[in-house]
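I have placed the structure first, in the form of structure tokens, so that the comments after it can refer back to it.
All values derive from a computational prediction rather than experimental measurement.
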Amino acid sequence: MDLKVCCFGYSKTSTSLPVSPPTPIRSKSQASILSSSSSSSSSSSSSSASPKSFFKPRSFRSLPSNWRSFNSIKSQSQPQNSSFHILNDGFVLEDVPHLTNFLPDLPSYPNPLQKKTQSYGLVKKTFVTTEDVVAENIVVQKDSPRGVHFRRAGPREKVYFKSDEVRACIVTCGGLCPGINTVIRELVCALNYMYGVDDILGIEGGYRGFYSKNTLTLTTKVVNDIHKRGGTFLKTSRGGHDTKKIVDNIQDRGINQVYIIGGDGTQKGAALIYKEVEKRGLQVAVAGIPKTIDNDIAVIDKSFGFDTAVEEAQRAIHAAHVEVESVENGVGIVKLMGRYSGFIAMYATLASRDVDCCLIPESPFYLEGKGGLFQFVEQRLKENGHIVIVLAEGAGQDYVAKDIHAAGDKDASGNKLLLDVGLWLSEKFKAYFTKGQKMEINLKYIDPTYMIRAIPSNASDNIYCTLLAHSAVHGAMAGYTGFTVGPVNSKHAYIPISRVTEVQNTVKLRERMWARLLASTNQPSFLDCNEEQETVVDGMTVGVNNNGCSAM
């Protein structure tokens, strides 16, 4: 059976190279289009030992002429650091880089777990095979293509590092989030207990810590109880990314495994570090662990710390409900995290059942006029005598900026500095009801943001952080690099960094979860009015009037 392999990337040029089926792709260009004819027997006989060997031999199809818009492959532009292998039934393997891509003569060694260590002694199937993949979408139509898949995370039969030669480092960047210390602890424990690695460094203070601060030696004893604390044991910072200085430091210190914990900007920095490592031909595995309390990382099911944040947000919502229920015309506003994505606000609202209205960045709202927020609040006060509003910090930012003529400043990570929409909305309510409607209200504004960010992770997130750390260690030891880890449909996978940073995960207003929230709160969608101009909701252009409401 003929076997053709297609790999695509950003490069404008492509070359045709012969493929020796289990030999890894050796070209430094991820844009190479590889094609060969080889027998299925030779393909299958050597597949078990190679990180780049493929699945059971089947006929591959050529890339269609309209591949950039071919939905079964990928709707976005192709990632720089991944390969695409496309089968004739629409099966797509979106692969991650491997050290042997640019170090083809790198030797491999038996995985120490083959000795059936104490931790894996009772496991029936110790190793993940090269044929194990995870589907990005599991709900498909009968005759639809099988779609995109990622390599399943887990220990491999062969590793590309000797345990006594590993010098690993761990760094945390960006904002705080419950569970960071758990990830640090489990990275150290996994390296030591499962692979016998004793040389582990902690980089203090984020990316700039590589070249401006001393390192901290990490042992299982040092990190034993750090999971019980909030924040990050290694300290953090925003910005400070200088790729050349960082890789110089990695090279000077003899570090050969780098574990980077951080959000969107941090992962983009990890991708740059990987590319520089590849350029210099260093045997350094770069593994990213995605962190954001907002749950706005694409592809993965959810980010660590999210469950803890939603659970802790309930305390603030409950406090607001108690306050407003105890007074006449009580209005409670609770501001939660969510710069661009309203997941915490949405899930906390659904979990609480005490919320009357949820406002998120993805959903435009307007204050005045028929169907506006003022009218809705007034109606609820007349019906129930009180109202609780949950507000994501990124909601209504354009309204606030326009109202107070604020400039769009950014922080060290390049994120837009947010204005306090909670205080702005509180003042608008007071002005409207007290001055305009001559109606006295008792307004309570609660901002638990930093209280939520600072707490240790709960049981669910602790388990999740353990799985993330173990998956990252298994991947790095197996020679994968330039990857990030996370659950895809509940199964952990290795994902190209570019896939989790190209777009942000946001609440889809046209999907069922938001509909469930509207049914729970019985709030208006704020998407119905007359005088129209244009805006974009869920990537679709809809009409909006001068107050900011949209017409469906």
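One finds the NE2 atom of His227 at 9.0 Å from the OG1 atom of Thr466 (value rounded to the nearest 0.5 Å). Put simply, CG on Leu425 and CG on Leu391 are 6.0 Å apart, with the number rounded to the nearest 0.5 Å. Between Glu204 atom CD and Thr232 atom OG1 the span is 9.5 Å, to the nearest 0.5 Å. Annotation: the span from Asp461 atom CG to Cys177 atom SG amounts to 7.5 Å, rounded to 0.5 Å. To the nearest 0.5 Å, the span separating NE2 on His386 from CG on Asp356 amounts to 6.0 Å. Note that CD1 of Ile387 is 13.0 Å distant from NZ of Lys382, once rounded to the nearest 0.5 Å.
Tyr432 places a side-chain heavy atom less than 4.5 Å from the side chain of Glu378. Contact check for Asn295 versus Ile344: no side-chain heavy atoms found under the 4.5 Å cut-off. Residues Phe483 and Arg151 are not in side-chain contact: their nearest non-hydrogen atoms beyond the backbone lie 4.5 Å or more apart. For the pair Val188 and Ile170, the minimum side-chain heavy-atom distance is below 4.5 Å. Residues His241 and Ile273 are in side-chain contact: their nearest non-hydrogen atoms beyond the backbone lie under 4.5 Å apart. Proximity of Asp301 to Tyr464: side-chain heavy atoms (C-beta onward) are nowhere separated by under 4.5 Å. Taking 4.5 Å as the limit, some side-chain heavy atom of Ile389 sits within range of a side-chain heavy atom of Val377. Side-chain contact between Leu218 and Leu187 is absent, with no heavy-atom pair separated by less than 4.5 Å.
The two residues Pro178 and Phe304 make their nearest non-hydrogen contact at O-CD1, 3.4 Å. Heavy atoms only, all atoms of each residue included: Val488 and Glu136 are closest at CG1-CA, 3.8 Å. Closest non-hydrogen pair, Pro496 versus Thr484, comes out as O-CG2, 4.5 Å. In terms of heavy atoms, Gln267 sits closest to Ile497 at O-CG2, 3.1 Å. Minimum interatomic distance between Ala348 and Leu336 (heavy atoms only, all atoms of both residues): CB-CD1, 3.9 Å. Heavy atoms only, all atoms of each residue included: Val223 and Arg185 are closest at O-CG, 3.3 Å.
Looking only at distances, no side-chain donor or acceptor of Tyr207 sits under 3.5 Å from a matching main-chain atom of Tyr211. Listed for the Lys291 side chain is a donor-acceptor partner under 3.5 Å among the backbone atoms of Gly175. His492 places no side-chain N or O within donor-acceptor distance of the main-chain N or O of Ser490, the cut-off being under 3.5 Å. Checked by atom type and distance alone, the side chain of Glu328 never pairs as donor or acceptor with a backbone atom of Gly385 at under 3.5 Å. In this structure, the side chain of Thr308 does not engage the main chain of Ser457 through any donor-acceptor pair within 3.5 Å. For the pair Thr172 (side chain) and Leu234 (backbone), a donor-acceptor distance under 3.5 Å is absent. Between the side chain of Tyr494 and the backbone N or O of Gly475, at least one donor-acceptor pair lies under 3.5 Å. A donor-acceptor pair under 3.5 Å links the side-chain atoms of Gln397 to the main chain of Glu393, judged by distance alone. The backbone N or O of Tyr340 sits nowhere less than 3.5 Å from a side-chain atom of Asp294 that would complete a donor-acceptor pair. Put simply, the side chain of Asn329 never gets that close to the backbone of Asn442: no donor and acceptor are under 3.5 Å apart.
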Residues Ile333, Leu443; criterion side chain to side chain contact (heavy atoms under 4.5 Å, CB included); working and verdict: CA-CA 8 Å; Ile333 299 176; Leu443 192 142; 4.3 Å; yes

Worked check of side chain to side chain contact (heavy atoms under 4.5 Å, CB included) between Glu186 and Cys465: CA-CA 8 Å; Glu186 295 308 315; Cys465 290; 5.8 Å; no

Full working for side chain to side chain contact (heavy atoms under 4.5 Å, CB included) between Ile184 and Asn181: CA-CA 5 Å; Ile184 296 171; Asn181 282 334; 3.9 Å; yes

CA sep, side-chain torsions, deciding dist, call: Asp307, Lys302, salt bridge (Lys or Arg N to Asp or Glu O under 4.0 Å): CA-CA 9 Å; Asp307 281 351; Lys302 63 181 177 181; 2.4 Å; yes

Candidate pair Ile297 and Asn505, rule side chain to side chain contact (heavy atoms under 4.5 Å, CB included), full reasoning: CA-CA 5 Å; Ile297 296 287; Asn505 189 29; 5.8 Å; no

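The side chain to side chain donor-acceptor pair (under 3.5 Å) check on Asp354 picks up nothing, with sequence neighbours excluded. By the side chain to side chain donor-acceptor pair (under 3.5 Å) test, Ser144 pairs with no residue at all, sequence neighbours left out.
Atom CE of Met439 has more than 12 neighbouring heavy atoms from other residues, nucleotides or ligands inside a 6.0 Å radius. Atom CD of Glu383 sits in a crowded spot, with more than 12 heavy atoms from other residues, nucleotides or ligands closer than 6.0 Å.
His470 and His474 have perpendicular rings, their planes meeting at more than 60° on a 0 to 90° scale where under 30° would count as parallel. Note on ring orientation: taking the six-membered ring where Trp is involved, the planes of Phe343 and Tyr347 are tilted (angle from 30° to 60°). Relative ring orientation between Phe365 and Tyr399 is described as perpendicular, the plane-to-plane angle rising above 60° on a 0-90° scale split at 30° and 60°.
Residues Arg339 and Asp296 are not paired through a salt bridge, judged by the lack of any N-O separation under 4.0 Å between the basic side chain and the carboxylate. Under a 4.0 Å N-O distance rule, the pair Lys402/Asp398 does not qualify as a salt bridge.
In the model, Asp420 has a side-chain atom that pairs as donor or acceptor with a side-chain atom of Tyr445 under 3.5 Å.
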